[in-house]
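All values reported here derive from a predicted model rather than from experimental measurement.
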Amino acid sequence: MPQTPTLVAMFDSSSFNRNLYQTKEEESCSGLYYQDNNLLSGSLEALIQHLVPSVDYYPDRTYIFTFLLSSRLFIHPFELMAKVCHVCLEQQRQNEPGTDKSQLRKIAPKILQLLAEWTETFPYDFRDERMMRNLKDTAHRITNGDEMYRKNVQQIIQNLIRKLAALSQYEELIAKINAQSTDRMTVLKTKPQSIQRDIITICSDPYTLAQQLTHIELERLSYIGPEEFVQAFVQKDPLDNDQSCYGDRKKTRNLEAYVEWFNRLSYLVATEICMPVKKKHRARMIEFFIDVARECFNIGNFNSLMAIISGMNMSPVSRLKKTWAKVKTAKFDILEHQMDPSSNFYNYRTALRGAAQRSLTAHSNREKIVIPFCSLLIKDIYFLNEGCTNRLPNGHVNFEKFWELARQVSEFMAWRQVECPFEKDRKILHYVLTVPIFSEDALYLASYESEGPENHIEKDRWKTLRYVNWIISLGNQTYLLNCDL
């Protein structure tokens, strides 16, 4: 296959509008609506027909990606695969009897290329046994047992199985990490004296910690499927009569796991700041995380940067006025300005565009790193989805909307493929991923014990938290007594 530019480059290229949606030579535009040679809408059936290659036609990569990404809002992937297979067979039947073999030789490679692109870009679709069954069935029917294409099919399926096995291993690893974190949290509650050392004793260099956070970010990003951004907002298609069709579409939760990682990092930062008894140690911890955040910004790791800022802006931390008085906050003020939410995060979006431009012209993986603030990306896609209808009044699929959706997701796809150039430090990674973190109530309790309540609201809350903590400690003593018995 010839080398083709990346999806994000194709979406951003000026030639996109002229060349993206060229119709098949023999195809009438019935069911598809164009304006200035751009596909704006179409019936679902016509869009499916437009996806399937013919002897003298192959759909543009941007169309394939956009349709496979958005079609799941209207039809199950396994149903789409079945329809693609049906259209392919219909094309075969329409050929003249004497040209079946030669026509097959022309179209089979194109069908296999389409299947290869599908399995490469949306491998998690094939966690559904029906999808895998339809894939094998389609490949078998198209190749018709021809040895020339049998090896191609085997290669497609082997690559797919490898990707799905890697996903399963990753999910098992995340489950194991979460279990370790939960177990250590139980130890913290039952034996407070066994609390872990603080993060500075594990890693005293802010740049090194920023590198390790980038390792975690890039690994977790790499497993998020593009379809997860769409499936997060799946709603009932008004033209679909199947009441139960949405229940089994979601095959992964990597996007949710990534958001959970953001929350964990925020609470880890707040825990590390609130935990020290001495004011000077809390101030040193704040300054340390400011430096880590700055290094994250320089790397292009905006997600960790925002998680750290969020942790330092949590009320139990921000209320520590005596502690903050000992902190040199000039660098923190600059970082907060960069991530200021006003004007729809204008400063952050400007910095992100700069990092994205650097990534496009980069010669090393270090310069290619762009890790967006994930929650804002999800919010952008959510408002795009809510702001435009999926179907037009005539029942057509609003493809203009899905082009913009695909453009945003394709950019993310390019960023998630970057390999982390930094050396792993397993000791630091293990600490960050498994060390116990305080709940919001525990953070407030630690904060009040460090710097007492300043008003009646805080005093009342402190009393309540101390009472609840006393009840919990009684329960822990009973638990330990039973363990000893």
Residues S304, N301; criterion side-chain hydrogen bond (donor to acceptor under 3.5 Å, both in side chains); working and verdict: CA-CA 6 Å; S304 289; N301 181 356; 3.0 Å; yes
Indicate yes or no for a side-chain donor-acceptor contact from E404 to the backbone of K401 under 3.5 Å, with no hydrogens or angles considered. no
Quick check for you: to the nearest 0.5 Å, what is the distance between M306 atom CE and C296 atom SG? 12.5 Å
Restricting to non-hydrogen atoms, name the atom on T323 and the atom on A283 that form the minimum distance, rounded to 0.1 Å. CG2-N, 3.6 Å
State, yes or no, whether a side-chain contact exists between M314 and V269 at a heavy-atom distance under 4.5 Å. no
Can R461 be said to sit on top of Y444's aromatic six-ring, NZ or CZ under 6.0 Å from centre and within 45° of the ring axis? yes
Testing the basics here: between V370 and S359, what is the closest heavy-atom pair and its distance to 0.1 Å? CG2-CB, 3.7 Å
F229 ring center within less than 6.0 Å of F412 ring center: yes
Under 3.5 Å, is there a donor-acceptor pair between the side chain of N398 and the main chain of T389? yes
Donor-acceptor check, side chain of R319 to backbone of E451, threshold 3.5 angstrom: yes or no? yes
Measuring centre to centre across the rings, with the benzene-like ring taken for any Trp, is F302 within less than 6.0 Å of Y348? yes
Counting C-beta onward and ignoring hydrogens, is there a side-chain heavy-atom pair between R130 and M81 closer than 4.5 Å? no
Would you find a donor on one side and an acceptor on the other, under 3.5 Å apart, between the side chain of R358 and the backbone of I369? yes
Y346 backbone acceptor or donor facing N344 side chain under 3.5 Å: no
Looking at residues at least two apart in the chain, or sitting in another chain, which of them share a side chain to side chain contact (heavy atoms under 4.5 Å, CB included) with R284? D198, I200
Where do V317 and W324 land on the side chain to side chain contact (heavy atoms under 4.5 Å, CB included) test, with the steps shown first? CA-CA 9 Å; V317 177; W324 280 96; 4.0 Å; yes
Assess the side chains of Q158 and Q154: does a donor N or O sit below 3.5 Å from an acceptor N or O? no
Just so I know, are the side chains of V84 and I111 near enough to count as touching, which here means a heavy-atom distance under 4.5 Å? no
Any ion pair linking R127 and E171 (charged N to carboxylate O, less than 4.0 Å)? yes
For T208 and E423: C-alpha separation, side-chain torsions, deciding distance, then whether side chain to side chain contact (heavy atoms under 4.5 Å, CB included) applies. CA-CA 9 Å; T208 301; E423 186 177 347; over 6 Å; no
Do Y267 and F262 come close enough that some side-chain heavy atom pair is under 4.5 Å? no
Taking every non-hydrogen atom, the tightest pair across P53 and P59: CG-CD, 4.1 Å
About how many Å separate CG of L360 and CD of E367, when rounded to the nearest 0.5 Å? 12.0 Å
Are E117 and R61 within salt-bridge range, i.e. N to O under 4.0 Å? yes
Would you check, one step at a time, whether the test side chain to side chain contact (heavy atoms under 4.5 Å, CB included) holds for F332 with I286? CA-CA 10 Å; F332 183 63; I286 290 173; over 6 Å; no
Is there side-chain contact between L320 and R282, with at least one heavy-atom pair below 4.5 Å? yes
Heavy-atom closest contact (D425 atom, Q212 atom, distance): N-OE1, 2.9 Å
Kindly compute the distance separating CG (N134) from CG (D125), expressed to the nearest 0.5 Å. 11.5 Å
Go through I174 and R220 one step at a time and tell me if the side chain to side chain contact (heavy atoms under 4.5 Å, CB included) criterion holds. CA-CA 10 Å; I174 294 299; R220 299 203 173 196; 3.3 Å; yes
Flag, side chain of Y124 to backbone of I224, donor-acceptor distance under 3.5 Å: no
Mind listing the closest non-hydrogen atom pair of F399 and S70 along with its distance? CE1-OG, 4.4 Å
Kindly compute the distance separating CH2 (W261) from CD1 (I177), expressed to the nearest 0.5 Å. 10.0 Å
Pairwise side-chain contact, L135 with L115, heavy-atom cut-off 4.5 Å (strictly under): yes
What I want to find out is whether E260 reaches R253 closely enough, with some N-O distance under 4.0 Å, to be called a salt bridge. yes
So, N313 versus E336: side-chain donor-acceptor pair below 3.5 Å or not? yes
Do I308 and L213 come within less than 4.5 Å of each other through their side chains, counting heavy atoms only? yes
Inspect the contact between E419 and R366 and indicate whether a charged nitrogen and a carboxylate oxygen are less than 4.0 angstrom apart. no
Would a distance-only check, ignoring hydrogens and angles, find a side-chain to backbone donor-acceptor pair under 3.5 Å from H215 to F422? yes
Pairing donors with acceptors under 3.5 angstrom, does anything connect the side chains of T62 and D60? yes
Is there a side-chain contact between I216 and T214, using heavy atoms and a 4.5 Å cut-off? no
Angle class for the W118/F126 ring planes (parallel below 30°, perpendicular above 60°, tilted otherwise)? perpendicular
Does D333 come within less than 4.0 Å of K328, counting only side-chain N to carboxylate O? no
From CG (L73) to CG (N385), nearest 0.5 Å: 7.0 Å
Is the distance between the ring centroids of F67 and F402 less than 6.0 Å? no
What is the minimum heavy-atom distance between D137 and C85, and which atoms define it? OD2-SG, 4.3 Å
Are a donor atom and an acceptor atom from the side chains of Y258 and E217 found within less than 3.5 Å of each other? yes
Distance in Å, I290 CD1 paired with E295 CD, rounded so as to fall on 0.5 Å steps: 13.0 Å
Any donor-acceptor N/O pair, Y63 side chain to L39 backbone, under 3.5 Å: no
Ignoring hydrogens and geometry, is there a side-chain-to-backbone donor-acceptor pair from E228 to N254 under 3.5 Å? yes
Sub-3.5 Å donor-acceptor pair from the side chain of N303 to the main-chain atoms of C374, do we have one? yes
